[in-house]
Amino acid sequence: MYTVKETIVVEGIYDKIKLSEIVDSLIFVTDGFSVFNNKKAQKSLVTLAEKTGLVIFTDSDSAGLKIRNFVKQLVPSEQVKHAYIPEIYGKERRKTSFSKEKTLGVEGIDSQILLDALRQSGATIDGNSQKGQRQRLISKADFYFLGLSGGENSAEKRQALARHLGLPSKLSANMLLDVVNRLLTYNELCELVNSKKGEY
């Protein structure tokens, strides 16, 4: 069992149950889209962000990204970190049918993948955080010069890069930039992009 300092924000109770098997942390359940109209829940998130910081850990589908964006806008950016799960096609055991986008949510993902995603987010696990280990931040200008933004097929190139890194393909350029800065150095990104010419 690992201890996570930040409050982890998830969509549903089964996500909370799954994460509770591997981490000791306060886990806040948004109850899906209901957080959009729940002022009490929104106030709680603001308070928790101030006291512990947040790690948003929603599903990789469109609904999960909408909830992530909503919560992100409630609190200052320095108080929030993002954990992402890859788009893995499948169905949770307890469900009788596939989700709308046919991908697994947090509850259906392997525990080691969840733990790796928390580490990559920069979450403080057992008193340690990976944040700040990169010497040179990758910038929006770097994305532009590498063809990942502002050019023909840039969106497709970002989607290919996201899939290669095991991230949701629907991430915005800004979200992808944030997580790439946690996973790769500038040189590693350049090598990856150059080695995949034609893909991205």
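The analysis underlying the following values was restricted to heavy atoms, covering all of them including side chains, and did not include hydrogens, waters or symmetry mates. Each residue takes its place number in the sequence, starting with 1.
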The test is salt bridge (charged side-chain N to carboxylate O under 4.0 Å, His left out); show your working for E87 and K170 and say whether it passes. CA-CA 10 Å; E87 291 173 336; K170 297 177 184 69; 3.7 Å; yes
Quick one: are T7 and L45 in side-chain contact, heavy atoms under 4.5 Å? no
Heavy-atom side-chain contact between V106 and L19 under 4.5 Å: yes
Would V80 and F28 show up in the same hydrophobic cluster when neighbours are defined by side-chain heavy atoms closer than 4.5 Å? yes
Can you find a pair of side-chain heavy atoms, one from E6 and one from T124, that are under 4.5 Å apart? yes
Report yes or no: do Y186 and L184 belong to one cluster of Ile/Leu/Val/Met/Phe/Trp/Tyr joined by side chain heavy-atom distances under 4.5 Å? yes
For N69 versus M175, what's the shortest heavy-atom pair and its separation? OD1-CE, 2.8 Å
Starting at CG of N174, measure out to OG of S77 and round the result to the nearest 0.5 Å. 11.5 Å
For the CD atom on E21, are there more than 12 heavy atoms of other groups (residues, nucleotides or ligands in this structure) within a distance under 6.0 Å? yes
Report yes if the side chains of D59 and D15 come closer than 4.5 Å at any heavy-atom pair, otherwise no. yes
Following the transitive rule for hydrophobic clusters with a side-chain heavy-atom cut-off under 4.5 Å over Ile, Leu, Val, Met, Phe, Trp and Tyr, establish whether V9 and L26 coincide in one cluster. yes
Do Q112 and D116 get their side chains close enough for a donor-acceptor pair, meaning under 3.5 Å? yes
More than 12 heavy atoms of other groups within 6.0 Å of Y2 OH: no
Determine whether more than 12 heavy atoms belonging to other residues, nucleotides or ligands lie under 6.0 Å from atom CZ of F70. yes
Within 45° cone of F57 ring axis and under 6.0 Å: R68 NZ or CZ: no
I'd like to check S60 versus I85 (side-chain heavy atoms, cut-off strictly below 4.5 Å). Are they in contact? yes
From CA spacing to verdict: side chain to side chain contact (heavy atoms under 4.5 Å, CB included), I88, I109: CA-CA 8 Å; I88 299 175; I109 298 292; 3.8 Å; yes
Among T185, L148, L165, exactly one meets side chain to side chain contact (heavy atoms under 4.5 Å, CB included) together with V180. Which residue is that? L165
Residue pair N181 / I138: nearest heavy atoms and the distance that separates them: OD1-N, 2.6 Å
Residues G147 and S154: closest non-hydrogen pair is O-OG, 3.2 Å
Any side-chain heavy-atom pair of K72 and H82 under 4.5 Å: yes
Indicate, with yes or no, if L161 and L65 share a hydrophobic cluster defined by side-chain heavy-atom contacts under 4.5 Å among Ile, Leu, Val, Met, Phe, Trp and Tyr. yes
Heavy-atom count check: over 12 atoms from other residues, nucleotides or ligands less than 6.0 Å from F33 CZ? yes
Please evaluate residues V179 and L167 with respect to the criterion side chain to side chain contact (heavy atoms under 4.5 Å, CB included), reporting the C-alpha separation (whole Å), side-chain torsions for both, the decisive distance (0.1 Å), and the verdict. CA-CA 9 Å; V179 71; L167 301 168; 3.4 Å; yes
Starting from I13, can I reach I56 by hopping between I/L/V/M/F/W/Y residues whose side chains sit under 4.5 Å apart? no
Indicate yes or no: at least one non-hydrogen side-chain atom of L48 is less than 4.5 angstrom from one of V75. no
Starting at NZ of K39, measure out to OG of S44 and round the result to the nearest 0.5 Å. 13.0 Å
Using side-chain heavy atoms (C-beta onward) and a distance below 4.5 Å, is R119 in contact with I125? yes
Please check this pair: side chain of E11 against backbone of D31, looking for a donor-acceptor N/O pair closer than 3.5 Å. no
